[in-house]
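Below is one structure, written out as structure tokens; the observations come after it.
Quick note on labels: first sequence line is chain A, next is B, and so on, each numbered from 1.
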Amino acid sequence: MSLKLYNSMTRSKEEFKPARKGEVGVYVCGPTVYGHAHLGHAKSYVSFDVLVRYLCYLGYSVTYVQNITDVGHLTDDADQGEDKLAVAAKKEKKHPMAVAEYYTRSYFEDMDRLNCVRPDISPRASGHITEQIELVKTLLEKGYAYEANGSVYFEVSKFADYGKLSGRNVEEMLAGARVEVSPEKRAPVDFALWKKAEPNHIMQWPSPWGPGYPGWHLECSVMSMKYLGQPIDIHGGGIENKFPHHECEIAQSEAANGVQFVRYWVHNNMVTVDGQKMGKSLNNFITLKQAFSGAHERLTKSYDPLAVRQLILNSHYRSPLDFSDPALFAAQSGYEKITETVKAVRKQMHAAGEGEADKAIAEELQQLKEKFEAAMNDDLNTSVALSVIFELVRLAQKLLEDNAATAETLDAVDDLFSRLGGDCLGIVKDEYPQDGGVDDEMMDRLVDVLIEQRSAARSRKDFAAADAVRDKLEGIGIVLEDKPDGTQWRRK
RNA sequence: GGCGGCGUGGCCAAGUGGUCUAAGGCGACGGUUUGCAAAACCGUUAUUCGGCGGUUCGAAUCCGCCCGCCGCCUCCA
């Protein structure tokens, strides 16, 4: 069985086959770095991270490109708005590139915490002005674009396939067009490839048409061509970018190159918060930093980044996802259950006796692996894949309870946790802080001293004193658990 | 107005013609265990899939109508 992906272009699930055997090029629309990343970014980039991880798991050699937009993305209509970076720069009294640098770092920081694998290449739009100018020149030469007053526009009527991705009809769009926003354009649907910059515009570059800056859609065409060639295997992005952004990318790229731009279009759905579109005016706009720290009035506590990740994986990437405090809370509980189980398996693995791995268990593990792969192959059904991880949790807990599994058996369980839950889903870590390290060793000793004190109190039936120790430790995030073979502790 | 999507147990969510009296998680309840807990384990928690019709031997899954919700169409991941 092989991977099937839903291709937005054909509106159907298709068997995935890369253009070059064994190699896959993935391009995903990255963030415009004018603010901290929010929950919407998390859903999008976690979804594509899982796609990339799974392609790697299947043995493909993947080149993952995700741009950083630091110029050209306007706040409003493509013809009249201001550049988002310029607006933020004015507000923060910084140079636009300083703003871009600051939020780019913030973005990577958040994505690292969500355990998203870093893209192989994170090209900046501002670093590819030369290439963008070249593409505009090509489009002018081929007659798909025209210059007007220092700006260059793409003439949509020249590209017959315009609208094929988003299912839009150019004639209807023209008929239903609102007031024409720019007299320079021949048709309202035409879009800017290059915009003339007024003298006081901070970000501008020289061009054959005078000083200016690139249109937003241009960067993705140029950078995906440059780093992945044509056609690219997979282009991902948010569903809201189907139109106009991706439609424009297709038009520019295919008009210029005369070959198919993208083989598989993958779009992920959007998030809502408490059932409504996330927006600054609704007071439900939650950044990842706020979610991780709990510093938002819609949240009752801080959430582990990987619990956020797990909530995202709990639903399908093409379904909308509603973030709410109860949903996050549930995800955190489930995440902790998985984490505690993995830790317990690893701990017992070191204590368990040697011996061949249990054949019946090995068979069960194999079945779980197959079920997991079948789910992932079906257009990345992470919801079912995650349910397999929970089946593995149950299997593992039973083994631990019986306390008879050999180290080899437990190792096989841990291996599956690592490969499926770790490599593919990114919710199981290779190592947990408590697993080792000098500080933790000291911590172990300190807590053991307290446990000894408490045990002494318990054996003389002084439960008040015993409970006091337990309660105080819990107050600082250490939970004591009395097991048949003694008291154990863990971090909350 | 145009385009698209959704409505499954208390909550989240998979399933899209028969194996579904519907996976999994969270929560709740009962039990085992415990000095009491915690954790873990076992069990219970939708004869039903927004409503009404229809197609079919058979529908949560297909069709029609209705109700409700959401997104895109201007920037957004």
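Of the listed nucleotides (B:C72, B:C75, B:G35), B:C72 has the atom at the smallest distance from the side chain of A:Met270.
Partners of A:Ser151 by side-chain hydrogen bond (donor to acceptor under 3.5 Å, both in side chains), not counting sequence neighbours: none found. Residues meeting the side-chain hydrogen bond (donor to acceptor under 3.5 Å, both in side chains) test with A:Ser126, sequence neighbours left out: A:Asp70. Legend: residues meeting side-chain hydrogen bond (donor to acceptor under 3.5 Å, both in side chains) with A:Tyr264, ordered by chain and number and at least two apart, are absent. The ring pair (Phe, Tyr, Trp, His ring centres under 6.0 Å) test applied to A:Tyr107 returns A:Tyr45, not counting sequence neighbours. For A:Glu219, the side-chain hydrogen bond (donor to acceptor under 3.5 Å, both in side chains) criterion is met by A:Asn67, A:Thr69, not counting sequence neighbours.
A:Ser122 and A:Gln66 are not linked by any side-chain donor-acceptor pair at a separation below 3.5 angstrom, with hydrogens and angles left out of the test. Defined by atom type and a distance below 3.5 Å, a donor-acceptor pair is missing between the side-chain atoms of A:Asn269 and A:Ser319.
With both ends at atom P, the span from B:C41 to B:G58 equals 43 Å, rounded to whole Å. For the C1' atoms, the distance from B:A59 to B:G53 is 14 Å, rounded to whole Å. Only the C1' atoms considered, B:A40 is 48 Å distant from B:C52, to the nearest whole Å. Between B:A22 and B:C66, the two P atoms lie 33 Å apart (nearest whole Å). Here, B:U8 and B:C49 have their P atoms 12 Å apart, quoted to the whole Å. A distance of about 11 Å separates the P atoms of B:A14 and B:C6, rounded to the whole Å. Taking atom P in both B:U44 and B:G5, one finds a spacing of 38 Å when rounded to whole Å. Taking atom P on both B:A28 and B:G10, the two are 16 Å apart, rounded to the nearest angstrom.
At a threshold of 4.0 angstrom between heavy atoms, the contacts of A:Arg458 include nucleobase atoms, whether or not backbone atoms are also involved. Using a 4.0 Å heavy-atom cutoff across all strands shown, A:Ser319 reaches sugar-phosphate atoms only and no base atom. The residue A:Glu481 sits close to a base: some heavy atom pair falls under 4.0 Å. Contacts of A:Val28 with the nucleic acid, taken as non-hydrogen atoms under 4.0 Å apart, are absent. Within the 4.0 angstrom heavy-atom criterion, no nucleotide atom of any strand lies near A:Leu321.
Straight-line distance from the CD1 atom of A:Ile451 to the C1' atom of B:A38: 13 Å, rounded to whole Å. In this structure, A:Phe463 places its CZ atom 13 Å from P of B:U34, rounding to the nearest Å. Regarding A:Asp471, its CG atom lies at a distance of 11 Å from the C1' atom of B:A38, rounded to whole Å. Rounding to whole angstrom units, NZ of residue A:Lys84 and C1' of B:A77 are separated by 10 Å. As rounded to whole Å, 13 Å separates atom P of B:G15 from atom CE of A:Met376. As a whole-Å value, the separation of A:Ile239 CD1 from B:G71 P is 13 Å. Whole-Å rounding puts the A:Asp378 CG to B:G15 P distance at 7 Å. Between A:Asp274 atom CG and B:C70 atom P the separation is 13 Å, expressed in whole Å.
Each of A:Arg470 and A:His245 was assigned the nucleotide of RNA chain B with the nearest heavy atom; the assignment lying further toward the 5' end belongs to A:Arg470. Each of A:Pro244 and A:Lys461 has a nearest nucleotide on RNA chain B; the 5'-most of these lies closest to A:Lys461.
The aromatic rings of A:Tyr27 and A:His235 lie tilted to each other, with the angle between the two planes from 30° to 60°. Between A:Phe243 and A:Tyr162, the angle of the ring planes goes over 60°, which puts this pair in the perpendicular group of the 30/60° scheme.
Salt bridge present: A:Arg470 and A:Asp467 bring a charged side-chain N and a carboxylate O closer than 4.0 Å. Comment: A:Lys472 does not engage A:Glu474 in a salt bridge, judged by the lack of any side-chain N to carboxylate O separation of less than 4.0 angstrom.
Of the side-chain N and O atoms in A:Lys242, none sit less than 4.0 angstrom from OP1 or OP2 of B:G71. For B:G15, one of the phosphate oxygens OP1 or OP2 lies less than 4.0 angstrom from a side-chain nitrogen or oxygen of A:Asn381. Taking side-chain N and O atoms only, A:Trp489 has no distance below 4.0 Å to OP1 or OP2 of B:A38. Put simply, A:Lys277 has a side-chain N or O that comes within less than 4.0 Å of OP1 or OP2 on B:C72.
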note = Read 5' to 3' with Watson-Crick or G-U pairs under 3.5 Å, [ ] for crossing pairs and | for partners on another strand, RNA chain B gives ((((((((.[[[..)..(.....]]]((((((.......))))))....[[[[[..)....]]]]])))))))....

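Taking the ring centre of A:Tyr153 as origin, the terminal cationic atom of A:Arg186 falls outside the region bounded by 6.0 Å and 45° from the ring axis. The cationic group of A:Arg458 does not satisfy the cation-pi geometry with A:Phe463, failing either the under 6.0 Å distance to the six-membered ring centre or the 45° limit from the ring axis.
Judged by atom type and distance alone, A:Asn269 does not reach the base of B:G4 through any side-chain donor-acceptor pair under 3.5 Å. Residue A:Arg490 places no side-chain atom within donor-acceptor reach of the base of B:A39, judged by atom type and a 3.5 Å distance cut-off alone. A donor-acceptor contact under 3.5 Å is not formed by the side chain of A:Arg460 with the base of B:G35.
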Using residues 386-402 of chain A as the side-chain source, report each donor-acceptor pair under 3.5 Å to any protein atom, sequence neighbours left out, with the distance given to one decimal.
unit_1: A:Ser387; atom_1: OG; unit_2: A:Val384; atom_2: O; d: 2.6
unit_1: A:Glu391; atom_1: OE2; unit_2: A:Lys371; atom_2: NZ; d: 2.6
unit_1: A:Gln397; atom_1: NE2; unit_2: A:Thr341; atom_2: OG1; d: 2.8

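Residues in residues 446-455 of chain A take part in these side-chain hydrogen bond (donor to acceptor under 3.5 Å, both in side chains) pairs, two or more places apart or across chains: A:Arg454-A:Asp482. Residue pairs meeting the salt bridge (charged side-chain N to carboxylate O under 4.0 Å, His left out) criterion with at least one partner in residues 38-50 of chain A, sequence neighbours excluded, are A:Asp49-A:Arg53, A:Asp49-A:Arg309.
Between the side chain of A:Ser418 and the backbone N or O of A:Asp414 there is at least one donor-acceptor pair closer than 3.5 Å.
Non-hydrogen atoms lying under 4.0 Å from RNA chain B are contributed by A:His38, A:Gly40, A:His41, A:Ser44, A:Tyr45, all within residues 38-48 of chain A.
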Dump every N/O contact between nucleotides 59-63 of chain B and the protein below 3.5 Å, one line per pair.
none

Strictly under 3.5 Å: I want the nitrogen or oxygen pairs between protein and nucleotides 24-33 of chain B, one per line.
unit_1: B:G24; atom_1: N2; unit_2: A:Asn314; atom_2: ND2; d: 3.4

